[in-house]
Each structure stands twice: as structure tokens, then as C-alpha cells.
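Everything below concerns the one structure shown next.
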Amino acid sequence: DTEVTQTPKHLVMGMTNKKSLKCEQHMGHRAMYWYKQKAKKPPELMFVYSYEKLSINESVPSRFSPECPNSSLLNLHLHALQPEDSALYLCASSHFIPGARVIENIQYFGAGTRLSVL
Amino acid sequence: EDQVTQSPEALRLQEGESSSLNCSYTVSGLRGLFWYRQDPGKGPEFLFTLYSAGEEKEKERLKATLTKKESFLHITAPKPEDSATYLCAVDAYNFNKFYFGSGTKLNVKP
């Protein structure tokens, strides 16, 4: 089973709202990722968690706040977003630990959350 | 500068018309090259991973190959259901992360 589950599938929020995106995997992966994807563009890395610790933050604005409560769950808390933050938000997981000399690094993606900020 | 480039940006084929997609990379220390398929509004679906030059992988109508500078995704006798965006991603020691190419949008007409 290579399933990564993201909820909700769609989210509409105002610029003053606080909402959260959720991601779950049960493959025993210890690396989890958040990506942002705009239309007709490739996914852009936002955050990487390795063993529940934040290992990479790609200079993401503080209105995006990631959280990894345990090895199976990854959250992305959203607050005071801008309309330009509207995008498909993708979660992925893998066995690979960034920086380690491990060759296995297949990232498995969820179906994404389509976010619209009004 | 390290870079991953995919070509063409878009490709229209007739059903049964074989072709190839290209992913060229300029990285030092390739750890792995990955091909994904992405349907509109969905997450990327893993297809293949290649680790060393000369390696080949096949799955149904798709075959991925790797050289020291590029990878090809060959599509043999495609069907309309093969229509999607195909993404190439590179994992290199100096990137310390996945780096995606911009993708090739494939449209197969019946």
C-alpha cells in the first residue's frame, strides 16, 4: 500500500480565517513533505520533516505553519493567507532522510488539497 | 547552475503513435532520477526510479532510460488514457531535496 491521504480535498477560506490541512500515511515512512503547486507548474517544496523534526523550510512565509505530531501525521496550519496562496497543496512521504547517503527516495504523493483564498 | 529541463513542454500524439519525452539534467552527484505522471487536479503518481547510467525500466507502454546527462520516457503505441503531465524529478547530493522539471503535457487523440 503506497497511499498518502490528504484532507480536505477542497478548502475555501477568507484572508482572516485559520484552517488546517491534514496528511496521513501508514507506510512507515519517516520523511514527510509539503509542496505547493500552481496551475501548469511543477510542485514547489515548502517543508520537509525527518523523524518528526523540521529539517527543511524553503523560506516559506510564517502564515504557513507545519506540524508533525507523530510519524504518520503531518499538518499544515494556515492563517491570514493571501489570494496568491491559492494553489494545490500536496503532501508526500518517503523512506529517505534528506542529507543521508540513502539511495531509496521514492516520494509518494497524496491527491492534494485544492485551496482557494478569497 | 544545477538544472532539470524537460522537453517538449507539450506533445500531441495520435493513438498508436510512439514518441519520447526528454529530461535533461546538469547535476553533480545524481542520487536518483524519478518519473511521475500527474492527472489534472491530482497528486503525482510514481512511475519509475533510475539510479545509474544505462539503467532501463518498463511498465506497460512506458519505458524509462537513463544516461549520464538525460533520461527518456518512451511511450509505445499510446492510448488516450496515457494523456497526462509527465514530471521528471532529480535527487542529487548537492540539492539535498527533490528538484522537479517543468513537465511535459501529453495529449493522445483517439
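Worth knowing before you read on, the calculation uses all heavy atoms, side chains too, and leaves out hydrogens, waters and symmetry mates. On a predicted model such as this, the values are computed, not experimentally measured, just so you know.
Residues A:Tyr35 and A:Leu73 do not share a hydrophobic cluster, clusters being chains of Ile/Leu/Val/Met/Phe/Trp/Tyr side chains in contact below 4.5 Å. Note on B:Phe72 and B:Phe100: separate hydrophobic clusters, where clusters join Ile, Leu, Val, Met, Phe, Trp and Tyr whose side-chain heavy atoms are under 4.5 Å apart, directly or indirectly.
With a 4.5 Å cut-off on non-hydrogen atoms, A:Gln37 touches chain B through its side chain but not through its backbone. For A:Glu58, the part sitting under 4.5 Å from any heavy atom of chain B is the side chain, from C-beta outward, and nothing else.
Using modelled atom types and a 3.5 Å distance limit, the side chains of A:Ser94 and A:His29 yield no donor-acceptor pair.
B:Tyr99 and B:Tyr25 have their aromatic ring centers separated by at least 6.0 angstrom.
Note on B:Glu45, B:Lys105, B:Gln38: by heavy-atom pairs under 4.5 Å with chain A, the leading option is B:Gln38.
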